[in-house]
Amino acid sequence: MTTTETLTAGDLMSRTLRLDSRPNPYPLYERMLELPVTRMPDGTWLVSRHEDIKRVLHDPRISANRLDPDDIDRGEAKAPASFLVQDAPSHDRLRKLVMDQFVPRVIGMRDHLDDLVATLLDQHVSDGPGRLDIVDDLAYPLPVTVICELLGVPQEDEPIFGEFARKLTRGLDPVEEPNEAELRELTQVRNALIDYLNGLIEEKSRTPGDDLLSAFMPTDPTADRLGPLDLRATLALLLIAGHETTVNLITNGMLTLLRNPDALARLRNEPELATTLVEEVLRYDPPVQMTARSTTADIEIGGVLVPAGSALRVMLAAGNRDASVFADADRFVPDRPNNAHLGFGGGIHYCVGAMLARAEAQIALTALARRLDNPGLVADPPPYRENAVLRGPEHLLVSFDRLQK
C-alpha cells in the first residue's frame with residue numbers, strides 16, 4: 001500500500017481482514033484514523049478515533065447486541081448469547097451475579113500464578129542453547145489451566161473446548177457470508193458445544209464442588225441465580241474467552257519485548273515495571289483489535305449522524321494509536337503515563353477478566369525476562385492465526401542461550 005493511494009474505509013477494512021495483513025495491520029489503522037466516522041459499502045459504520053470509540057462504548061443508546069434476535073440462544077443450533085452482547089438492565093444483573101463470584105476467587109491468586117508459570121518454564125530449563133514456543137509452552141497452557149481450575153472443568157477436556165474456541169472465534173471476523181458447507185459446520189460446532197456445556201452443568205448439579213460453576217448454581221432456592229440459558233452462555237464465555245484473549249496478550253507482549261530489547265532489559269532489572277508495561281502492551285498491540293455495536297437511536301458520532309439500527313465496527317486497535325491522545329503513538333513506551341488505552345474495551349461491557357489477564361501477563365512476561373538468557377526471535381514476523389479480531393501469533397519460537405531455573 002502506498003501513502004498516495006486513495007482508499008475508502010471499505011478498502012481499508014477489506015485489507016485489514018486479509019491474512020497477509022495480520023503481521024502488521026497498523027499502517028491500515030493509521031489510514032483509518034484519517035477518516036471521519038464512515039459508512040462502508042455493506043452498510044456498517046467504521047469508527048476508529050479514540051474519542052469517538054469512547055463515546056460509542058459508553059453511550060447507553062448504543063447496543064452491544066449485534067445479533068439478530070432469532071440468533072439468541074433458544075435451543076438447538078444456536079450459540080449461547082452471553083451478557084457480553086446484552087444491554088442493561090439484563091446485562092447488569094447477569095454481570096453482577098458473575099462478578100460477585102469471580103472477583104473474590106481471582107484476588108490473591110498471584111502466588112499460585114507464579115507457581116504455575118514456574119512449573120511450565122521448569123520443563124524447559126537448559127544450561128545451553130535451546131528454543132521455546134511462547135504459545136505452546138506458556139501463553140496457552142497458563143490461562144487454560146487457570147480457567148479450568150476456576151470453573152471446575154477437567155483440564156483433560158482442553159482438546160474439546162479448544163477446538164470449539166478455534167472454530168467459533170474465527171466466526172467473529174466480519175467476513176462475507178459463509179457458504180452452505182461452512183454454515184453446516186458452524187451449526188454442528190454450536191450443537192456440539194451446547195451438548196458439552198450441558199454435560200458439564202449436569203455433572204456439577206450432581207456433584208458440586210468449590211468452583212465457579214458450582215457457585216453459579218446456588219442451593220438456596222431464594223437466591224438470585226443464572227437461568228439455564230444464561231448459565232450455559234456464561235460458562236461458554238468464561239471457558240472460551242477466558243483463555244483466548246490472554247494467550248494473545250502474553251504472546252503479543254513477548255513479541256513486543258523481543259523487538260524492543262531495551263524494554264526487555266528494563267523488565268529484567270525492574271520487575272516492578274510489569275504493571276505499566278502490560279498496560280502499554282494492551283495499547284500498543286492489543287489482543288482484541290476490534291468489536292461491534294449497533295445504534296438504537298439516531299446518534300451523532302464524530303460529527304456524523306448515524307441512523308438508528310446501524311451496525312458499527314469499532315476499531316479499538318486504531319484508537320489505541322490515535323496521536324491526538326497518545327504521544328509517540330507508534331512507539332512502545334513501557335512506563336507510559338496516563339495510559340487511557342482501549343485494550344479491555346470500556347463502559348458497562350469492560351472486560352470481565354481484566355484483573356486476571358493483567359496478573360497472568362505481568363507474571364509470565366516478568367518470568368520470561370528474568371529466566372531467558374539472550375532470547376531472540378527465530379522468525380520475524382512469526383506465523384499468525386487467521387483471526388483478525390482476536391489477533392495474535394499462531395506460534396512464537398524464541399531461541400535462548402540458557403533458560404535459568
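- Side-chain contact annotation: T44 with D42, donor-acceptor N/O pair under 3.5 Å present.
- Side-chain contact of N65 with Q86: a donor-acceptor pair under 3.5 Å is absent, judged by distance alone.
- Judged by a 6.0 Å distance limit and a 45° cone about the ring axis, R283 is not positioned over the six-membered ring of F332.
- Looking only at atom types and distance, the side chain of R110 has a donor-acceptor partner in the side chain of Q362 under 3.5 Å away.
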**Asked** Is there a salt bridge (Lys or Arg N to Asp or Glu O under 4.0 Å) between R385 and E244 once you walk through the steps?
**Response** CA-CA 12 Å; R385 300 163 61 185; E244 281 288 314; 2.4 Å; yes
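- A salt bridge does not link D87 with R61: every distance from a Lys NZ or Arg NE/NH1/NH2 to an Asp or Glu carboxylate oxygen is 4.0 Å or more.
- D211 and R105 are not joined by a salt bridge, as no carboxylate oxygen comes within less than 4.0 angstrom of a charged side-chain nitrogen.
- A salt bridge links R184 with E180: the closest approach of a Lys/Arg side-chain nitrogen to an acidic carboxylate oxygen falls below 4.0 angstrom.
- Heavy atoms only, all atoms of each residue included: R22 and T16 are closest at NH1-O, 3.1 Å.
- Between the side chain of S82 and the backbone N or O of A233, no donor-acceptor pair lies under 3.5 Å.
- Here the options are L213, L212, L238, T145, the test is side chain to side chain contact (heavy atoms under 4.5 Å, CB included), and the partner is L150; only L212 passes.
- Figure legend: R321 and F326 shown without cation-pi pairing, the cationic atom not lying both under 6.0 angstrom from the six-membered ring centre and within 45 degrees of its axis.
- Proximity of D137 to L120: side-chain heavy atoms (C-beta onward) are nowhere separated by under 4.5 Å.
- For the residue pair N320 / H341, no side-chain donor-acceptor distance below 3.5 Å is found, with atom types taken as modelled.
- Going from atom CG of L12 over to atom OG of S48 covers 8.5 Å, rounded to the nearest 0.5 Å.
- Checking E149 against H112 by side-chain atom types alone, a donor-acceptor pair falls below 3.5 Å.
- Between D285 and R391 a salt bridge is recorded (basic side-chain N to carboxylate O distance below 4.0 Å).
- Under a 3.5 Å cut-off, the side chain of D335 and the backbone N or O of L277 do not form any donor-acceptor pair.
- Annotation: R225, atom CZ; neighbour count of heavy atoms from other residues, nucleotides and ligands within 6.0 Å is above 12.
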**Item:** Stepwise salt bridge (Lys or Arg N to Asp or Glu O under 4.0 Å) check, D100 with K96
**Value:** CA-CA 6 Å; D100 283 351; K96 183 178 186 304; 2.7 Å; yes
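- The closest side-chain heavy-atom distance from P261 to L258 is not below 4.5 Å.
- The distance from atom CG of L282 to atom CG of L342, rounded to the nearest 0.5 Å, is 10.5 Å.
- Nearest heavy-atom pair, F216 versus V98, reported as atom, atom and distance to 0.1 Å: CE2-CA, 3.9 Å.
- Counting heavy atoms of neighbouring residues, nucleotides and ligands inside a 6.0 Å radius, atom CG of D210 does not exceed 12 of them.
- Put simply, the residue from T234, L200, L239 that forms a side chain to side chain contact (heavy atoms under 4.5 Å, CB included) with L151 is L239.
- Of the charged side-chain nitrogens involved, none lies within less than 4.0 Å of a carboxylate oxygen, so that R15 and D11 do not count as a salt-bridged pair.
- Residues M109 and D114 have side chains not in contact (no heavy-atom distance under 4.5 Å, counting atoms from C-beta outward).
- Looking at Y284 and E279, their side chains never bring a donor and an acceptor atom within 3.5 Å of each other.
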**Prompt:** Taking it one step at a time, do R206 and E203 satisfy salt bridge (Lys or Arg N to Asp or Glu O under 4.0 Å)?
**Reply:** CA-CA 5 Å; R206 291 192 298 267; E203 176 62 27; 2.7 Å; yes
